[in-house]
Amino acid sequence: MAETGPQSSRSTAQWQRADNAHYLHPFTDYKALRAEGARVQERAQGIYVWDTDGRRIIDGLAGLGCVALGYGRVELARVAAREMERLSFCQSFFRTSNRAAIELAERLVSLTPKHLTHVFFASSGSEANETCMKLARRHWDLMGKPEKRIFIARANAYHGSTIATGGLSGIPDIHACAGSLTLAQLEHIEAPYWYRHSNGEDAEAFGVTAAGWLEEKILAVGAEHVAAFFAEPIQGAGGAIIPPRSYWPEIQRICRKYDVLLAVDEVVSGFGRTGRWFASDYFGISDFDLMAVAKGITSAYFPLSAALASNRLADVLIDKGGEFYHGFTNSGHPVGCAVALENLRLLEEERVIEHVAELAPLFADHVLSLADHALVGDVRACGFFAGIQLVRDKAKREFFPEEALVGDHCSRAALERGLALRSIGDTMALMPPLIISAPELDEMFALTRAALDATAEAILVAQ
Ligand code: PMP
């Protein structure tokens, strides 16, 4: 019988032709991809991925910041197979539930701050954030304050790419893609991006200034109109921005002062990235109402996400009654929930989060050591998360023009050397699987430096 699955042998060029013919990739310039062809990945183990040419690549991105436990964990595959045999699906709409979803809800509540008491399941980070938006909106309706409608988020934030969450995200190209479909009731403030936005203040003073922008915005639109403020504890896809310590206490104070719900997007930062279960633990964010999680919850062995709500919200939602008109076929999917439970068990049993905390100083040393590079203006690190800012002139803090695509050049140079390194504009981001070892970190950072050297050389030649 002819092989028809993805294992059937075709050359890389044949895979690329078929890919171009039929597959619309997310966030992709299709014409450019057609000219170049996709890199087709075939298998993966630990922190390494192999493509169809047999090249081994260190996945410095953990997929998309999601493969926490690394690739090829048979325990997760076995749990998925077992649950598929036992209860392959269960709808949760019509007074029906399943054991895995109930246990996962309990587990998430036990891992997060005490006041988070309820969990709504979905499949993607976008859906989790959109659920948070709808929970916030419903809350104010039930409280008799339907005029609290505006959501505030930050420039370059990434909260998803649906119409609602794409609008909530602070990325103009995403807004342009949705055009007039983008929701009107959205406002954005600048991110706490000290390197780019500070006026000579030290980082901590700048943190307070940046939080003050939220207060200014709330006052500008009127607190009585603001439903919630959404933010990632660490801004991931929007530039690897790690806020000063002074930022989050101020944000919490301001949200409370004006009765604005605080929604924390832990889609990337949750489940160990910072060396704590959640980045909100790391930054001391305890006074919030909603939390979106996804990605690392299953190490991406199954698409699963969740929105967690505080008792303050849940009490109103439940006590006031009335149907919450929201949900997805796959909400509380038993297989996804079983995989998540096993993933969380492994993270705990193998002390993976402690491992991140223990190696975080080594990771930070590696990142800091890149600061002497001619192309590097700023370096930022937190747990196993790093941003390396490329600049034209370090002394003057002069950035490259966007069209020079210097970051893109650097990520290509890294890939040629066997490292997947993300460029966010001219910020290079690293967020490897959490199980990466000290020698593997050495290897990853040696390749990062080699990519920077190659980029600097190419720029010199071009000048
Ligand atoms: N929030 C954050 C912080 C993210 O990084 C992402 C995805 N990168 C999302 C939300 C959206 O998640 P998804 O792509 O699963 O919809």
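Atoms within each ligand, like the ligands themselves, are counted from 1 in listed order.
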Can you tell me which residue pairs pass the salt bridge (charged side-chain N to carboxylate O under 4.0 Å, His left out) test with a partner in residues 58-75, sequence neighbours excluded?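 Every pair satisfying salt bridge (charged side-chain N to carboxylate O under 4.0 Å, His left out) with a residue in residues 58-75: Arg73-Glu75, Arg73-Glu350.
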For residues 284-313, which residue pairs pass the salt bridge (charged side-chain N to carboxylate O under 4.0 Å, His left out) check, not counting sequence neighbours?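 Salt bridge (charged side-chain N to carboxylate O under 4.0 Å, His left out) check on residues 284-313 returns Arg256-Asp287, Arg256-Asp289, Asp259-Arg312, Asp289-Arg312.
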Nearest-0.5 Å distance, CD of residue Glu216 to CD1 of residue Ile189: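 Reported to 0.5 Å precision, the distance equals 9.0 Å.
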First-shell residues of ligand 1 [heavy atom, distance under 4.0 Å]: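 Those residues closer than 4.0 Å to ligand 1 by some heavy atom are Ser124, Gly125, Ser126, Asn129, Tyr158, His159, Gly160, Glu232, Asp265, Val267, Val268, Lys295.
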Going by an N to O cut-off under 4.0 Å, is there a salt bridge joining Arg55 and Glu416?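 Between Glu416 and Arg55 there is no salt bridge, as every charged N stays at least 4.0 Å from the carboxylate O atoms.
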Would you call Arg351 and Glu358 a salt bridge, using N to O less than 4.0 angstrom?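 Here Arg351 pairs with Glu358 in a salt bridge, since their nearest N and O are under 4.0 Å apart.
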Under the side chain to side chain donor-acceptor pair (under 3.5 Å) test, residues paired with Thr209 that sit two or more places apart: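 For Thr209, the residues satisfying side chain to side chain donor-acceptor pair (under 3.5 Å) (neighbours in sequence not counted) are Glu201.
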